[in-house]
Amino acid sequence: MSTAMADGRRADGERRRQRVKSAIQHATQDGTAISVSGIARQAGVDRTFLYRHRDLLALIHAAELQPSASDPAAGPPVSLASLQADLANAHARNTRLVTQTRRLERRLSELMGEQAWRESGLGAPADQEELQRRVSRLEQANTELSARLEERDAELEAARAANRELTRALNQKGATERSGGGSG
């Protein structure tokens, strides 16, 4: 009797396995979403049955990853290699974007700093070359005026010396006349 029971259990298990495989096949053909709960419900088995039979669970997970035949927008199948390539490309793009962002932030900072420097009045004016030419002209004019001033100072000193000489000569003449004018 125990062999008959074991044979009955084996036959029941095989029928449930066939129902699960059939449910996976129908879900794949129909394009319905595949999940452990959905397949268990469609096959009329408990989820624990699927978790006890790892081969059936692997079939369900494999079917989940395959695109539906009825879905034209699904595109090519996704593989581990394609996902890794996509991830590597995303990392490379991210690195490029971070570098570009840093460069743009640095340039923006420089431009804002220059603008703030100009607005504060501390920075050099925008027409620096014209101001340099003006400074050169003013320095040249200053040099010429200094030379003319030195000439005039020399002329003034000469005129003062001549004035002193004349004053002394007049004073001596007047003293001589006073001393000679009183007796004559």
Side-chain angles (χ1 to χ4, degrees), residues 1-140:
M1 179 108 167
S2 76
T3 55
M5 283 180 67
D7 289 341
R9 287 181 113 194
R10 250 190 307 269
D12 182 50
E14 193 55 41
R15 280 191 302 274
R16 286 194 272 174
R17 290 177 65 81
Q18 286 303 323
R19 288 195 315 251
V20 168
K21 288 178 182 179
S22 177
I24 293 171
Q25 186 178 12
H26 287 301
T28 303
Q29 289 172 352
D30 295 345
T32 57
I34 298 175
S35 67
V36 174
S37 298
I39 296 297
R41 195 172 27 258
Q42 192 175 358
V45 297
D46 194 49
R47 284 184 302 165
T48 56
F49 177 79
L50 296 175
Y51 288 114
R52 279 193 311 255
H53 296 88
R54 296 286 181 180
D55 61 322
L56 294 176
L57 192 61
L59 286 175
I60 293 171
H61 289 308
E64 284 177 322
L65 295 177
Q66 290 181 357
S68 160
S70 64
D71 187 8
V78 177
S79 68
L80 181 60
S82 68
L83 291 175
Q84 288 174 337
D86 288 346
L87 182 61
N89 289 335
H91 281 301
R93 184 172 190 270
N94 188 30
T95 302
R96 286 191 308 273
L97 289 174
V98 165
T99 303
Q100 182 181 11
T101 300
R102 285 185 183 146
R103 188 176 63 245
L104 291 173
E105 286 174 345
R106 192 175 323 118
R107 181 67 180 137
L108 179 62
S109 177
E110 289 171 1
L111 291 174
M112 289 178 72
E114 289 174 11
Q115 181 182 3
W117 187 252
R118 276 193 312 273
E119 289 176 359
S120 70
L122 298 173
D127 55 349
Q128 192 170 7
E129 289 181 21
E130 174 59 34
L131 290 175
Q132 287 294 340
R133 286 191 294 268
R134 185 173 179 201
V135 165
S136 296
R137 286 192 305 265
L138 289 174
E139 286 175 346
Q140 184 179 1

Gln84 vs Leu87, test: side chain to side chain contact (heavy atoms under 4.5 Å, CB included). Steps then yes/no. CA-CA 5 Å; Gln84 288 174 337; Leu87 182 61; 5.5 Å; no

What residues, two or more places apart in sequence or in another chain, satisfy salt bridge (charged side-chain N to carboxylate O under 4.0 Å, His left out) together with [X]?
X      : answer
Arg137 : Glu130
Arg10  : Asp7
Arg107 : Glu110
Arg19  : none

What salt bridge (Lys or Arg N to Asp or Glu O under 4.0 Å) pairs are there with at least one residue in residues 47-59, not counting sequence neighbours? Arg17-Asp55

Check against side chain to side chain contact (heavy atoms under 4.5 Å, CB included), Val98 and Arg102: CA-CA 6 Å; Val98 165; Arg102 285 185 183 146; 3.7 Å; yes

Side chain to side chain donor-acceptor pair (under 3.5 Å) partners for [X], two or more places apart:
X     : result
Gln18 : Glu14
His61 : Glu64
Ser35 : none
Thr95 : none

Output yes when Arg9 and Asp12 qualify as a salt bridge under the 4.0 Å nitrogen-oxygen rule, no when they do not. no

Partner residues of Phe49 under the ring-ring contact (aromatic ring centres under 6.0 Å, His included) criterion, sequence neighbours left out: His53

So, Ser109 side chain and Glu105 main chain: donor-acceptor pair closer than 3.5 Å or not? no

Evaluate the side-chain proximity of Gln115 to Leu111: yes if any heavy-atom separation is below 4.5 Å, no if none is. no

Side-chain contact, heavy-atom cut-off 4.5 Å: Thr99 with Arg96? no

side-chain contact (heavy atoms from CB on, under 4.5 Å) filter on Gln25, not counting sequence neighbours, yields Gln29

Any residue meeting side-chain contact (heavy atoms from CB on, under 4.5 Å) with Leu138, in chain and number order, not counting sequence neighbours: Arg134

